[in-house]
2 protein chains.
Amino acid sequence: MAIAVRRPQRADARRNFDALLAAARDAFAENGTEASLEDIARRAGVGIGTLYRNFPTRQDLFEAVYVDEVDQLAAVAAAVADLPPWEALTTWLDRFVDYVGTKRALVEALNRDSEMFRACRATMYEAGEPLFERAKDAGEVRADASFDDMLRMVSGVTSGAFVDTAQRDRVLGFALSGLKKG
Amino acid sequence: MAIAVRRPQRADARRNFDALLAAARDAFAENGTEASLEDIARRAGVGIGTLYRNFPTRQDLFEAVYVDEVDQLAAVAAAVADLPPWEALTTWLDRFVDYVGTKRALVEALNRDSEMFRACRATMYEAGEPLFERAKDAGEVRADASFDDMLRMVSGVTSGAFVDTAQRDRVLGFALSGLKKG
DNA sequence: ACATTAGCGGAGGGGTGCCTCCGGTACGCA
DNA sequence: TGCGTACCGGAGGCACCCCTCCGCTAATGT
């Protein structure tokens, strides 16, 4: 998957570029997709003009952040490949949840449409779907559920509000057990 | 449960009050809690000043709308009381979902804190929890789940994004089946 | 060391939203 | 019908955000 915005050549420019990306990641995590661009520039210690030069549209910035997140998620999938089917799947989902919990921008993006998002979604599916299919083949997952169903279920439950983490995990457990065969 | 803001006396004032409430309901449904107050006044065909006179804070307006919604939900609970336990529960939840689907403000409110919200939550629990406990007593629902768990699970799943209604219902079905005994 | 030029950053114009304030309107009562 | 007043509505001040433009700064390469 090709990065859409390529890092600038000059050292100072590269520094700014990276600072913006980091600031944007934080801001999107805190405030969702609607985070203020001026605030992001401020956090990055950079002029608003610099932000716009590197990322002409909000979409561009968001995509740049999003690519990173998806890549990390794909990496986790590879790391759990040798666990038993159901464990591998839930372990990956645990990571997915931890990950997504603080980054609701990612969830909001699940339904965006653009070249880039389709590519990212493809990457995520390539990473996670084999885990899902393996669990299904092992007879651990009901046959009428799809990977997409599961992802949406998990991100739905996760993005809701809970009294504490324990409740969230418990509820997520209930929901997942509804996905198991039987 | 006492209504916080009482309807004005004069006929024109009462008209405006009701128009504002209706406009606010729509606006909150469309845009969530963040809906623009000026837009609400505009929809109601009323000056912004009138809005502020009736509802000094956004919270006041929101609460006034919220009270209505909760009352309607409570009414539905009474209507399903004579179905078999599990059916009664899921029927109520179906209504809850339909209801909440177009009114995300209500979901956002699940975690708010204020005199009024506590009261509303109490009302909703009084309405729905008996259905839940009945299903549990009938051995249809796992013992380690609470009504609160269920509500949050359902509203989480529901508030997520889905390809179509069919997927949403399917996924909701999976999640609910995870709540069943076994 | 210095010229070139990529890159910087913030002022500023336009838009929207929040909330207050007060001159004017029209409702309800006699 | 006419009066007093409850109520109206929007202008206006402030804050924030988006995005563009351009004079200035400093990284780079020779």
Donor-acceptor contact present, side-chain Lys136(B) to main-chain Ala145(B), <3.5 Å: yes

Main-chain N/O of Ser146(A) paired to Asp149(A) side chain as donor or acceptor, under 3.5 Å: yes

Euclidean distance, Thr158(B) OG1 relative to Met153(B) CE, rounded to 0.5 Å: 9.5 Å

Short side-chain donor-acceptor distance under 3.5 Å, Asp94(B) and Thr91(B): no

side-chain hydrogen bond (donor to acceptor under 3.5 Å, both in side chains) contacts in which one or both residues fall within residues 35-46 of chain B, not counting sequence neighbours: Glu30(B)-Arg43(B), Asp39(B)-Arg43(B)

Residue pair Leu73(A) / Trp92(A), side-chain heavy-atom distance below 4.5 Å: yes

Letter per nucleotide, 5' to 3', of nucleotides 5-15 of chain D [B base touched, S only sugar-phosphate touched, - untouched; heavy atoms, 4.0 Å]: -BSBBBB----

Parallel, tilted or perpendicular: rings of Phe62(B) and Phe117(B) (30°, 60°): tilted

Start and end of chain A contact along DNA chain C [non-hydrogen atoms, under 4.0 Å]: dA6(C) to dA11(C)

Salt-bridge contact Asp148(B)-Arg152(B) (side-chain N to carboxylate O under 4.0 Å): yes

Presence of Ser36(A) side-chain N/O under 4.0 Å of dC16(D) phosphate oxygens OP1/OP2: no

